[in-house]
Structure formats: structure tokens, C-alpha cells
Amino acid sequence: MKPIVQLSLDLTNIDEALETAALAMRAGIDWLEAGTPLILAEGLHGVRALRSAFPNVPIVADLKTMDGGYLEAEMMAKAGATHVVVMARAHDETIRCVVQAGRDFGVKVMGDNMVCRDMVAGARRLEELGCDYIIHHIGYDERRGIAARGERMPSPLDQLREVVQAVNVPVQAVGGLSLEQAIRCPEYGAPLVVLGAPLTIDADSFKTASGDLESSLRLICSKIHAYGDVPVGTMPHV
């Protein structure tokens, strides 16, 4: 599949999210994400506002669903989301419920393997239960807490090759990637590139990063889109 660039709107108010999203679309972003902070702050109103402003753009609702899977997915789908996120650490039945809601309401399901003891097995299980995409994810608190103790901060790139090889659905790597690392994700066989904290958003305050964000995003998008087709399910030589 062709690389897709997704901007995570990890902001806490609708106005700033809409402003940032408009800038991102001008720069060439493919998908928008209603990040978890935006959903916590604005709920369904944030998703509806994005859908109203961008009627033809895929919108990921990063719910991080752990229970009540069918209802959460249904609510977000009816608000305008095209993709919802369920956690691998949820019960199998919750994941099945989200997948069923996805089929019933025409939304795709992204399974997130954050904090799985075996990240590769977690990704494989998500695919087996029906998820359309895998998010290979090292969490914010996990990364920062480990680094604060003076230990090496884990990266999703540590096992990205293994995750890509283990599944036959598209993979996205999330969690503390540098700009250069994010741009290179398609080289690992991960065609879904997500930009957000700390690449284009201030990770500590969850406000838009200072500087010429639009020009930066335009350059990033052009580099990622230049990869062309990325094999899914087979990791290319890197």
C-alpha cells in the first residue's frame, strides 16, 4: 500500500485542533487523529467538529478502548470517525465487540499492542481477532519514566521488524520516534506514519509546536509519500 501520513491531534480544545488540522491538510496530511487528550477534553464534539470541517478525510478516534467495546465504537462511528482504536490488553470479547461494531457501522479497527508483555504476540492476536491495522506502541509514561531513571528509553523500532513480519495487515509505529525515525518507518514495512508528540506537537504541554509547522509538515509528507508502494506483511530489507 502507499504510505499514509496521519497527524495526531493531541490537543485539548476543538478550536486549536481544527486550526492545526486545516494547516496539516494544506501540507499534505492524509489522515487526522482525534487524539486521546482531545477525546477526553471534548468527547464526541471533537470528532463531530473534525468531521464537519473535513467531510472527506479519514478520522481516527484514539479511544484506547478497554471495555464497552461495541458502544464506544458505535458512538465514534456515528460521530464521524472512520477508524477506532482498541487495546490488545483488553479482553478478547472486547476486541471482538469492537471488530463487530466496525463491520456494522463501516469503520476500521486499529489494534494497539501497548504494554503487552510480548509485543509481537500481542500484534498477532489483534490480527487474529479481526483488527484491520496494528499500532505498535511504546507508551508516553513508560518511555519517560524509564529514561528518568537513567535507563535506555525503549523505542517501537526495537521490534518493528518482528511485528511487521508477524502480521499481514498494515502496521503503524508510535511512541517517542524522532522525526527522522518516523519518516523511515516505510523502510521497515510500516506504511502508516503517525506524526504527533513530540514531532509536531509540544509533548509536555500538548500545544502546537512553535515554528513554521506547515512548511515542516509539507516536507515530511513529501518525503514519506516518495517511498511509493510498501509491501504489507513482508518486511523489506533495510
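Salt bridge annotation for R143-D141: absent, with no cationic side-chain nitrogen under 4.0 angstrom from a carboxylate oxygen. A salt bridge is absent between R184 and E180: the closest approach of a Lys/Arg side-chain nitrogen to an acidic carboxylate oxygen does not fall below 4.0 angstrom. A salt bridge does not link E127 to R124: none of the charged side-chain nitrogens sits closer than 4.0 Å to a carboxylate oxygen.
You'll find the side chain of M25 reaches within 4.5 Å of the side chain of L32, heavy atoms only. A heavy-atom distance below 4.5 Å is found between the side chains of Y227 and E187.
Proximity of a side-chain donor or acceptor of E214 to a complementary backbone N or O of L23 within less than 3.5 Å is not detected. For T12 (side chain) and L38 (main-chain N/O), no donor-acceptor pair under 3.5 Å exists by modelled atom type. A donor-acceptor distance shorter than 3.5 angstrom exists from the side chain of S155 to the backbone of L157, with no hydrogens or angles considered. Using modelled atom types, one side-chain atom of D118 and one backbone atom of A121 make a donor-acceptor pair closer than 3.5 Å. Side-chain atoms of R51 come within 3.5 Å of backbone atoms of V57 as a donor-acceptor pair (strictly under, hydrogens ignored). Side-chain atoms of Q181 come within 3.5 Å of backbone atoms of S178 as a donor-acceptor pair (strictly under, hydrogens ignored). Put simply, the side chain of T94 never gets that close to the backbone of A90: no donor and acceptor are under 3.5 Å apart. Between the side chain of S222 and the backbone N or O of L219, at least one donor-acceptor pair lies under 3.5 Å.
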Stepwise side-chain hydrogen bond (donor to acceptor under 3.5 Å, both in side chains) test for D30 and H225: CA-CA 10 Å; D30 302 298; H225 290 146; 2.7 Å; yes

Salt bridge (charged side-chain N to carboxylate O under 4.0 Å, His left out) between R125 and E128, worked out: CA-CA 5 Å; R125 171 171 158 269; E128 291 171 352; over 6 Å; no

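The distance from atom SG of C97 to atom CG of L129, rounded to the nearest 0.5 Å, is 11.0 Å. Remark: Q172 CD to S8 OG distance equals 9.0 Å, nearest 0.5 Å.
Between W31 and Y133, the angle of the ring planes goes over 60°, which puts this pair in the perpendicular group of the 30/60° scheme.
With 3.5 Å as the limit, one finds no donor-acceptor pair spanning the side chains of D112 and H136.
Within 6.0 Å of CE in M75 there are 12 or fewer heavy atoms belonging to other residues, nucleotides or ligands.
Taking both residues in full, the closest heavy atoms of I138 and P156 are given as CG1-N, 3.5 Å, listed atom of the first, atom of the second, then distance.
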